[in-house]
Visitor: 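Shown below is the structure under consideration.
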Amino acid sequence: MKIQMVDLKSQYNHIKNEVNEAILNVIEHGQFIKGPDVKIFEEKLKSYLNVKHVIACANGTDALQIAMMALNLKPGDEIIVPVFTYIATAEVIGLLGLKPILVDVEPDTFCIDVAKIEDVISPNTKAIVPVHLFGQCANMDDIMDLAKKHRLFVIEDTAQAIGSKYTFQNGTVVSSGCIGDIGTTSFFPSKNLGCYGDGGALFTNDDALAEKLRMICNHGQKVQYVHDIIGVNSRLDTMQAAILNVKLGQLRNYENSRNQAAKWYDELLCGLDWLEIPKRRANSTHVFHQYTVKIKTGKLKRDAIRVEMGKLGIPTMIYYPIPLHQQKAFDTENYPLGSFPVSEALCDVVLSLPIHTEMNYEMVQEIVRNLIQVHQELK
Ligand SMILES: *Cc1c(COP(=O)(O)O)cnc(C)c1O
């Protein structure tokens, strides 16, 4: 029994005929860029998410950049991001000459702590970028209220949570990425909806924004060779779209498989006093891009567990080992160690266990058995 963080090969084996046919079809029709499969994918994803516009692009980082380019921001404008996230979220802010304003996260959901946002809002603040980390939504009720109050844009980074649903206090249910002004996602192979290369997309319910996003993706043009704004070249290629059309048909099944694995983990891990299982927010579904536990016995133990598990052939990952304010690429002087105690503490104790669409009970059992044994032996 081979245990992997993700098992794309076994997943492919179940959809092999359809995927192969889709790829061959693209080679036959030959429209490798802007082919019909891209439009079909955008339409399918629109109805899956129940959103007005889906604009495919080259990757999730581009999607974030393009979203920010569409908001008429000027150098020095500030954008609020969680300090515990993947680099891409904050990187594009710096790239555009904007200023990332970092905010700590909730210790149990790993998502931005809304109670700490208002303190850092200034006259230059223009947007909030909640990241729906590991597969469940941030506290969108309070984020949307705050954004309305301070007239801020909301760009949701749902690269890890596509398909998750948020239930607002008034009962409205909305797919992640379709709540704020713009949502962005990634189709990187290991993401919940992954292609066989790079891919990404933007979501919006705003017609004018949709038109602008589409223009930016396409060199700032609406009519060929007429360039009204500065854009970029960011396209989902047709073959990736064809693959995604097959995989989108499986996304709900994939979500269920991941939830089943998470439930097995919960059952086998919930009694341990040295470990904390991931918390589910009551008003969001979870699509378990990652199953991330906290090793309460601390960093040395956590790191040793990783090494020992690795020797036994069981991979684990640390998402993320260093919070953004401690990354040299950013202005670390403004944020000394201790600035974001929750995120700093999380980086020392989080451990992501293998979770993917092809897991069975025996695999989860095997992982948990080894985890407990390794921890025991390290005592
Ligand atoms: C994967 C990811 C991205 C970037 O996606 P790419 O397609 O790799 O550019 C952005 N944000 C988060 C939270 C991610 O997990």
Side-chain angles (χ1 to χ4, degrees), residues 5-6 8 41 45 54-69 79-96 100 102-103 105-106 109-112 127-138 140 143 154-164 176-177 179-180 182-203 216-217 232-237 240-241 243-244 247 258 278 284 286-292 317-324 327 329-330 343 346-347 350 352 355-356:
M5 286 302 286
V6 285
L8 295 175
F41 174 62
L45 192 54
V54 168
I55 298 134
C57 67
N59 58 69
T61 309
D62 270 12
L64 284 159
Q65 181 185 329
I66 291 158
M68 287 170 202
M69 287 173 77
I79 300 193
I80 291 169
V81 280
V83 66
F84 186 71
T85 180
Y86 183 54
I87 186 77
T89 323
E91 188 178 30
V92 295
I93 300 172
L95 188 68
L96 294 173
L102 307 175
V103 170
V105 298
E106 299 170 335
T109 67
F110 313 108
C111 290
I112 194 164
I128 306 175
V129 186
V131 180
H132 305 309
L133 204 72
F134 301 153
Q136 73 180 334
C137 295
M140 293 309 289
I143 289 171
V154 174
I155 301 171
E156 301 170 68
D157 181 347
T158 195
Q160 300 188 2
I162 195 160
S164 65
S176 71
I179 300 166
I182 305 174
T184 67
T185 201
S186 163
F187 306 122
F188 185 81
S190 64
K191 297 283 157 87
N192 284 32
L193 178 60
C195 56
Y196 293 166
D198 272 312
L202 294 125
F203 317 132
I216 295 171
C217 287
V232 295
N233 171 21
S234 189
R235 306 180 281 235
L236 178 70
D237 72 66
Q240 299 306 336
I243 293 160
L244 286 167
K247 291 189 71 176
R258 286 173 177 274
S284 173
H286 204 316
V287 297
F288 282 101
H289 177 60
Q290 297 299 337
Y291 186 91
T292 302
M317 289 294 284
I318 296 169
Y319 300 119
Y320 294 91
I322 307 172
L324 291 185
Q327 300 284 2
F330 294 113
S343 295
L346 284 178
C347 289
V350 287
S352 296
I355 190 159
H356 54 73

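Side chains are part of it too, since the values below use all heavy atoms of this structure and drop only hydrogens, waters and symmetry mates. Note that ligands are numbered from 1 as they come in the structure, with each ligand's atoms numbered from 1 the same way.
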Visitor: Kindly indicate, with the supporting measurements, whether the criterion side chain to side chain contact (heavy atoms under 4.5 Å, CB included) is fulfilled by V350 and F110.
Guide: CA-CA 10 Å; V350 287; F110 313 108; 3.8 Å; yes

Visitor: Evaluate the criterion side chain to side chain contact (heavy atoms under 4.5 Å, CB included) for residue pair Q240 and R235; output intermediate values, then yes/no.
Guide: CA-CA 10 Å; Q240 299 306 336; R235 306 180 281 235; over 6 Å; no

Visitor: Would a distance-only check, ignoring hydrogens and angles, find a side-chain to backbone donor-acceptor pair under 3.5 Å from Q65 to V92?
Guide: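 Checking the backbone N and O of V92 against the side chain of Q65, no donor-acceptor pair under 3.5 Å is found.
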
Visitor: Dump all N/O pairs between ligand 1 and the protein below 3.5 Å as a table: atom names plus distance, one pair per row.
Guide:
| unit_1 | atom_1 | unit_2 | atom_2 | d |
| --- | --- | --- | --- | --- |
| ligand 1 | 5 (O) | S186 | OG | 3.3 |
| ligand 1 | 7 (O) | G60 | N | 2.8 |
| ligand 1 | 7 (O) | S186 | OG | 2.7 |
| ligand 1 | 9 (O) | N59 | OD1 | 3.4 |
| ligand 1 | 9 (O) | G60 | N | 3.3 |
| ligand 1 | 9 (O) | T61 | N | 2.8 |
| ligand 1 | 9 (O) | T61 | OG1 | 2.5 |
| ligand 1 | 11 (N) | D157 | OD1 | 3.4 |
| ligand 1 | 11 (N) | D157 | OD2 | 2.7 |
| ligand 1 | 15 (O) | Q160 | NE2 | 2.8 |
| ligand 1 | 15 (O) | K191 | NZ | 3.1 |

Visitor: As a quick check of understanding, evaluate side chain to side chain contact (heavy atoms under 4.5 Å, CB included) for T85 and V129, giving each step before the final call.
Guide: CA-CA 11 Å; T85 180; V129 186; over 6 Å; no

Visitor: Would F41 and F187 count as a close aromatic pair, with their ring centres under 6.0 Å?
Guide: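 Yes, ring centres under 6.0 Å apart.
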
Visitor: Run through T184, I182, I55, L45 and flag the one making a side-chain contact (heavy atoms from CB on, under 4.5 Å) with F203.
Guide: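 One option only clears the test, and that one is L45.
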
